[in-house]
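The structure under discussion appears below in the form of structure tokens.
We count ligands from 1, going down the list as the structure has it; atoms in each ligand are counted the same way. Not measured: the values here are computed from a predicted model. No hydrogens, no waters, no symmetry mates; every other heavy atom, side chains included, goes into these values.
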Amino acid sequence: MPWPDTDGAVFRLIKQEIERQSTSIRLIASENFASPAVLAATGSVLTNKYSEGYPGRRYYGGNKIVDKIEDLARQRACTLFEADHANVQPHAGAIANMCVYQAFLKPGDTVLGMSLDHGGHLTHGSPVNFSGQHYRFVSYGVTDSDERIDLAQIEELAYEYHPKMIVLGATAYPRIIDTKPVREIADEVGAVLVFDAAHIAGLIAGGVHPNPTELADVVTFTTHKTLRGPRGGAIVCKSEHAKSIDKAMFPGIQGGPLEHVIAAKAVAFEEASSRLFATYAAQIVANSQALVSALADQGFRPVSGGTDNHLILIDLRTFDPDLTGKKAQSVLDDAGIVVNKNTIPNDSRSPFVASGIRIGTAAVTTQGMDADDMTVIADLIVRALRHQNDEQVAAKVRHEAQELCASRPPYPDLLKTL
Ligand SMILES: *Cc1c(COP(=O)(O)O)cnc(C)c1O
């Protein structure tokens, strides 16, 4: 596709970003490379259509085709996650969570959620987020001993606070989340159970993480992380909650849905239902396990001792007690390796500095990298961080990172348009 020449300033920057994404090792755990089909749907004329409401019940005319698209997206989401009902309109994962809170809670109601510094998300009750400001969140975390979700603590807090809702799911938790024991706790205290699968939706679709849909009342997720679709959110739930979820989404929170993004979500759901995607999901986990063991061999401490999913949380202190997450992120950035700083459980440093980094393998696996490539990446990370102040090492590592990426171009066709 030729690029429009009407706005050089913007399209020049988009081309630079294509180049950046093609020449750096992208290890941000929440990022991926969406397929050309997903990009095409996102860039389609559906962006021109107003379609407030739901298929068959719109406020504007001209929605015959859009209705079919949104229905297709909803059906595919239900099939993929074995759910009764789907709402594919949330503009983002955070909005999907807002919708679920709006559907079940009143301001001031009590909710149990995972604390931010143990791996939870901002929308799980952080005081700087609407969730922590409108609702009374009580936080659970991971145990000191094995750094897994502390079920005894969830049970204790559930009996003490009688929450209306329990939120499972995380943004920096490297292990499989077992829904069943928390379902039992929720039933004991009469709480709604919400599973926020933002990060792991693709792993669930690919069959390498148990599907929480049957046990949880509602499952929220993003479509752009491991699921590899367009940037956005979605909700699946039991049919008894369908009405209140839909009402909370529209007219409760959003106006017109992004039908171009919904079309791209439909494309992504179909892609994620293929055998190829199951192979992809298994390779994501194989890659993160290969990467974590190579890093552990070099003195890094993986939080919880390893990983079951697409992400690794690294405690940097065993490698270098003075190395902060902030510094590691910037050193690696200069070396062409993109990660994010992250707090580790009970971190003594603030989230802006942090003692850890979070690493994910969803994007590099989409590029076709395998376990051998992970050993190479681990070596690059170690060299960059061991010689933090040596510009020559950074340049050498950057060069090798570029070579590795050049051998696995994520968008060969787009590169030709630069
Ligand atoms: C990423 C994430 C979200 C928010 O998704 P956005 O699309 O960034 O709003 C919500 N919950 C969890 C657990 C996440 O990891």
Side-chain angles (χ1 to χ4, degrees), residues 26-32 34 38 42 77 81 87-102 111-126 128-132 134-135 137 139-142 149 165-177 179 182 193-205 209 212-213 216 218-236 249 253-254 257-258 261-262 264-265 268 284 288 303 307 309-313 339-343 351 356 358-363:
R26 297 177 62 227
L27 298 171
I28 304 274
S30 47
E31 293 184 0
N32 212 325
V38 164
T42 311
F81 294 97
N87 187 312
V88 293
Q89 293 192 353
H91 298 339
I95 306 297
N97 288 347
M98 177 184 265
C99 172
V100 172
Y101 301 158
Q102 169 112 333
V111 185
L112 286 193
M114 194 169 191
S115 75
L116 198 65
D117 65 321
H118 283 215
H121 188 257
L122 277 169
T123 55
H124 299 180
S126 160
V128 298
N129 183 261
F130 80 92
S131 56
H134 295 192
Y135 308 105
F137 266 83
S139 295
Y140 62 85
V142 297
I149 289 175
M165 177 184 284
I166 299 177
V167 180
L168 266 180
T171 204
Y173 184 68
R175 295 298 181 174
I176 281 172
I177 298 176
T179 307
V182 185
L193 180 62
V194 176
F195 195 114
D196 178 351
H199 259 266
I200 57 174
L203 303 182
I204 294 167
H209 189 289
T213 309
V218 183
V219 177
T220 64
F221 56 98
T222 67
T223 48
H224 51 274
K225 296 180 184 175
T226 53
L227 196 56
R228 210 164 66 180
R231 187 155 294 279
I235 302 168
V236 291
M249 193 71 262
I253 295 170
Q254 287 183 174
L258 312 175
V261 178
I262 289 173
K265 286 173 185 172
I284 292 178
S288 72
V303 169
T307 180
N309 61 21
H310 65 300
L311 76 82
I312 300 163
L313 195 55
V339 304
N340 65 277
K341 62 177 183 273
N342 213 101
T343 51
R358 190 184 66 159
I359 297 176
T361 54

* Please name all residues satisfying salt bridge (Lys or Arg N to Asp or Glu O under 4.0 Å) with Arg231, sequence neighbours left out, ordered by chain then number. => none

Between ligand 1 and the protein, tabulate every N or O atom pair separated by less than 3.5 Å, reporting distance only.
residue: ligand 1; atom: 7 (O); partner: Gly93; partner atom: N; Å: 2.9
residue: ligand 1; atom: 9 (O); partner: Gly93; partner atom: N; Å: 3.4
residue: ligand 1; atom: 9 (O); partner: Ala94; partner atom: N; Å: 2.8
residue: ligand 1; atom: 11 (N); partner: Asp196; partner atom: OD1; Å: 3.4
residue: ligand 1; atom: 11 (N); partner: Asp196; partner atom: OD2; Å: 2.6
residue: ligand 1; atom: 15 (O); partner: Thr171; partner atom: OG1; Å: 2.8
residue: ligand 1; atom: 15 (O); partner: Lys225; partner atom: NZ; Å: 2.8

* Asked: Taking the side chain as C-beta and beyond, is there a heavy-atom pair between Tyr101 and His134 under 4.5 Å?
  -> no

* **Pro174 vs Ile312 side-chain heavy atoms within contact, under 4.5 Å** => no

* Asked: Are the side chains of Phe221 and Ile204 in touch, meaning some heavy atoms are under 4.5 Å apart?
  -> no

* Asn97 and Thr220: side-chain hydrogen bond (donor to acceptor under 3.5 Å, both in side chains), yes or no, with the steps? -> CA-CA 7 Å; Asn97 288 347; Thr220 64; 2.8 Å; yes

* Asked: Going by heavy atoms in the side chains, are Asn129 and His124 under 4.5 Å from each other?
  -> no

